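Here is the naming used below: chain letters follow the sequence lines, and residue numbers restart at 1 for every chain. Bear in mind that the values here come from a model prediction, so they are computed numbers and not experimental data.
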2 protein chains.
Amino acid sequence: MSLTDKQSASLLAIDPKLPMAPQIYGNIRQSILNLRLAPKQALSEKELALMLGVSRTPVREALIKLAEDGLVDIFPQRGTFVAPIRVSEVLEAQFIREALEMSVVARVAELSDPVAIARLHESLARQKRAVDHSDLDGFLAEDENFHFILSVSVNLTRAWKVIQNVKGQLDRVRVLSLPEPGQLAALYEQHLAIVNAIEAGNSSAAKRHMAKHLQQVFRTIESLLAKRAEIFD
Amino acid sequence: MSLTDKQSASLLAIDPKLPMAPQIYGNIRQSILNLRLAPKQALSEKELALMLGVSRTPVREALIKLAEDGLVDIFPQRGTFVAPIRVSEVLEAQFIREALEMSVVARVAELSDPVAIARLHESLARQKRAVDHSDLDGFLAEDENFHFILSVSVNLTRAWKVIQNVKGQLDRVRVLSLPEPGQLAALYEQHLAIVNAIEAGNSSAAKRHMAKHLQQVFRTIESLLAKRAEIFD
DNA sequence: ATTGACATATTACCATGGTAGTATATCTGA
DNA sequence: TCAGATATACTACCATGGTAATATGTCAAT
């Protein structure tokens, strides 16, 4: 199927004053993560450039970065395709994220910075509102922000970049399971437990709750493998 | 100072049959890591392309990737420069590497795969030879391989990529301290302790030795900050 | 001597054309 | 009907030219 058929609406928001390559990257990335661009869908430089109203060069740069994220596969002289969801890569992304975020949250608990804790509580309040309104997109954005606050509060911006990169593989799986009832509330409760452990300065409890939180993905994969086999490779 | 003056010899090994951008990336990266390209040195697309006998496009792609690694700073419409060694980024790279490699080595110890253990012993033997011959470059290559074996033996190739990326920040510091006498032998002993813990299936001991091993960088930074202040920012 | 305005040079960024390599469709021969 | 050869279309990759933004050097005015 051609890209143009299904995609023309969402990919048009490019501000010509700002650097184009990062905008294009974010644009395509979002479309891949929410599965509007399906796994194995072909992505041609030329067609994307035409749709976005830019030249092929910044599109190419965006695709290269997506390939490093493992979200697209580039086959030289053959084509570029949205990467299928590979279970092994999802599990590895989970491994990396868990290793990093457990170390991060331990450090946050050790420092026990009041400003950071206040920010986390503000985030929790916004999450609660999203849960109560069943605002899925709002919750997802705030979930991202919650984990961002954790890393940045202990000055680990590079670690956050790594987490964010591998998180792409996980988000693509999670978006398939989150609409199920009760999921959002469960995630909120886990975040709350993490913050409570941080506030108590209990780093080992913080790590334990974080691990439990992140390992949600295992249950998700299991149930999806049966239902949506076609999007896996 | 111009690039052309000091760099013409080392940057010329480009094979035109293979994709150029990755070759250029590795080429420049190596030169930055061994400090032949000094921190704050200007790198212009045009000049690098001229020296390497290629066009500016693949050079640009290589520089973008190096910027993501934090090894160069790109200032749009102003110039691209070798990044100064920023202590905060070195420490964060250390944090990330430690979090990941401790989780990796724990998994290696839990699996206790005989093939992996054999490979690690072979690597140790090569390291021993390099130490006995005071072969610095040989040891560095085998050190890289040793850590590579750990990740790959438990199928964590993406984790290895992340480790390798952040390791750049650490290598640039380490290359300044490694020629000191006794350093190589100490690293070998630490590798040996790690393998022994793995062989015993003792994952917590493996983690402990790995942490001690990696934290060598703290002592290095301390001694360098005094002696070579000009390469820090 | 110092400051401000202006001209020049240099930069990264984007657009676009050319090329070698690969897949697919079409044709040929049995 | 089907296998193999050929032509066509498509791809990512590289080369190169144009452009707006920034830095630097020059010179006049005070």
I need a per-nucleotide contact map over nucleotides 6-14 of chain D, read 5' to 3'. Cutoff is protein heavy atoms under 4.0 Å; write B for the base, S for backbone only, - otherwise. -----BBBS
Value in whole Å for how far the C1' atom of dA12(C) lies from CZ of F81(B): 11 Å
Please table the atom pairs, donor to acceptor, closer than 3.5 Å between any side-chain atom in residues 71-82 of chain A and protein atoms at least two apart or in another chain.
| unit_1 | atom_1 | unit_2 | atom_2 | d |
| --- | --- | --- | --- | --- |
| D73(A) | OD2 | R86(A) | NH2 | 2.7 |

Residues two or more places apart in sequence or in another chain: which of them pass ring pair (Phe, Tyr, Trp, His ring centres under 6.0 Å) with F148(B)? W160(B)
What residues, two or more places apart in sequence or in another chain, satisfy ring pair (Phe, Tyr, Trp, His ring centres under 6.0 Å) together with F146(A)? H191(A)
What is the distance, to the nearest angstrom, from the NZ atom on K17(B) to the C1' atom on dG21(C)? 10 Å
Restricting to salt bridge (Lys or Arg N to Asp or Glu O under 4.0 Å), what partner residues turn up for R97(B), sequence neighbours left out? E101(B)
Sorted by chain and number, sequence neighbours left out, ring pair (Phe, Tyr, Trp, His ring centres under 6.0 Å) with Y25(B) holds for none
